[in-house]
Amino acid sequence: MHATTEALDLARIQFAFTVSFHIIFPALSIGLASFIAVLEGAWLKTGKPLYKELCLFWSKVFAVAFGMGMVSGVVMAYEFGTNWGGFSSFAGPITGPLLTYEVMTVFFLEAGFLGIMLFGWNKVGPKAHFGATLMVAIGTLISTFWILASNSWMQTPQGFRIKGDHVVPVDWFAIVFNPSFPYRLAHMAIAAFIVAALVVAATGAWHLLKGRRDPAIRKIFSMARWLLLVLTPIQAFVGDANGLNMRKYQPAKIAAIEGIWETKKGSTALNLFGIPDMEAETTKYAVQIPHLGSLIITHS
């Protein structure tokens, strides 16, 4: 029993490390792809060389992020079969096709057009190159769609039945568009654009602090700040809606997230910090704000 528990903990630690490392790169590349497409579109429309200069620079950053995201994602896919072989065998008839669609999007759409985007500036026409850049940007969003569909189904499963020792898909529309999917998709996509905007803004700010004031630096700093100004309040509302959806479909999960061990009637405090004690079922050294937990979780 001890050896089994130890193996389970090690599997969790390894997978947590892999997924925590992996998500950094898709979160950056999803937003950067659309940012590069906007820059190239602005160059085609205005003819200003600064847009092409910025497009070339951020394309290199995107290529590194895309490559790191792809290879770390492959490692994560292997861990589905090694660390969680039992789950993969049980849920494979659903998670397998969803992840296959995502892989096809990455390898056939994104990676294919990425070659033209990076190396085709002098080999194809400007419009064809812009089309390739758009395909890369669209591909990142389609990839996001399928990954979030798979993850959301694992959170709020529907559209299946259990036959023997594995699930059988019954309604693919219900499987993909499960109750938590719209909220998770919107939350992740907006988060990716915010991550990219913060990286771009930080790059511009660093150059400005170093005394570089040329139009290209001022332009990326301005574009990133405007995007953050628009998306940040939207993300707050989307995150709140995601939390309310979680309270409806996964009340035990949101209780675990908030460190709530027992059902409470009336006001619930918000734990800012604490160390959970699983055996005693309490949160030690809790730093709380009275009533705020109820306000956030139930709007009451």
Side-chain angles (χ1 to χ4, degrees), residues 1-33 62-112 114 139-160 162-169 172 175-176 178 180-181 183-185 187-189 191-192 195 242 246 249-250 252-253 256-257 276 278:
M1 181 65 182
H2 176 72
T4 303
T5 305
E6 187 179 64
L8 177 62
D9 291 338
L10 290 173
R12 286 172 170 170
I13 292 170
Q14 185 185 45
F15 191 79
F17 171 79
T18 305
V19 73
S20 299
F21 180 80
H22 168 74
I23 193 59
I24 297 170
F25 302 104
L28 178 60
S29 62
I30 292 166
L32 272 186
F62 172 82
V64 174
F66 178 83
M68 291 298 295
M70 182 178 292
V71 296
S72 58
V74 170
V75 175
M76 190 167 58
Y78 279 126
E79 289 179 9
F80 270 117
T82 54
N83 300 31
W84 315 116
F87 172 77
S88 296
S89 176
F90 172 75
I94 289 178
T95 59
L98 294 178
L99 293 177
T100 299
Y101 298 148
E102 191 274 336
V103 169
M104 290 177 65
T105 304
V106 171
F107 285 98
F108 292 97
L109 183 61
E110 292 180 64
L114 178 63
T140 61
L141 295 174
I142 297 175
S143 177
T144 307
F145 178 95
W146 289 116
I147 284 292
L148 268 294
S150 177
N151 180 269
S152 298
W153 181 82
M154 289 190 279
Q155 304 292 326
T156 52
Q158 65 175 22
F160 70 97
I162 298 176
K163 182 179 179 181
D165 58 354
H166 60 271
V167 298
V168 176
W172 276 106
I175 289 170
V176 173
N178 57 80
S180 66
F181 171 70
Y183 302 95
R184 291 174 178 276
L185 177 63
H187 197 48
M188 182 62 226
V195 167
N242 188 29
M246 191 185 301
Y249 290 98
Q250 297 175 286
K253 180 177 180 178
I257 290 172
M278 296 294 288

Do [X] and [Y] come close enough that some side-chain heavy atom pair is under 4.5 Å?
X    : Y    : value
L148 : Y183 : no
L141 : F145 : no
Q158 : I175 : no
T105 : T140 : no
V19  : E79  : no
F66  : P26  : no

How far does [atom1] of [X] sit from [atom2] of [Y], to the nearest 0.5 angstrom?
X    : Y    : atom1 : atom2 : answer
M154 : N178 : CE    : CG    : 10.5 Å
T95  : F90  : OG1   : CZ    : 10.5 Å
D9   : Q14  : CG    : CD    : 13.0 Å
I30  : I147 : CD1   : CD1   : 9.5 Å
T156 : K253 : OG1   : NZ    : 9.5 Å
N151 : T144 : CG    : OG1   : 12.0 Å

* Exercise: do Q155 and S180 side chains pair donor with acceptor under 3.5 Å -> no
* Backbone N/O of G73 and side chain of H22: donor-acceptor pair under 3.5 Å -> yes
Which heavy atom of [X] sits nearest a heavy atom of [Y], and at what distance?
X    : Y    : value
G139 : E110 : O-OE2, 3.2 Å
S152 : F181 : OG-CA, 3.5 Å
S150 : L98  : CA-CD1, 3.6 Å
T18  : S72  : CG2-O, 4.0 Å
F80  : S88  : O-OG, 2.7 Å
A149 : V176 : CB-CG1, 4.1 Å

Does [X], at its [atom1] atom, have more than 12 non-hydrogen atoms belonging to other residues, nucleotides or ligands within less than 6.0 Å?
X    : atom1 : answer
Y101 : OH    : no
M104 : CE    : no
F17  : CZ    : no

* Asked: Which is it for V168 and I162 under the side-chain contact (heavy atoms from CB on, under 4.5 Å) test, yes or no, and what are the steps along the way?
  -> CA-CA 6 Å; V168 176; I162 298 176; over 6 Å; no
* Asked: For the ring pair F160 and W153, is the centre-to-centre distance below 6.0 Å?
  ->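 Ring centroids of F160 and W153 are less than 6.0 Å from each other.
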* Asked: When the aromatic ring centroids of F62 and F25 are compared, is their separation below 6.0 Å?
  -> no
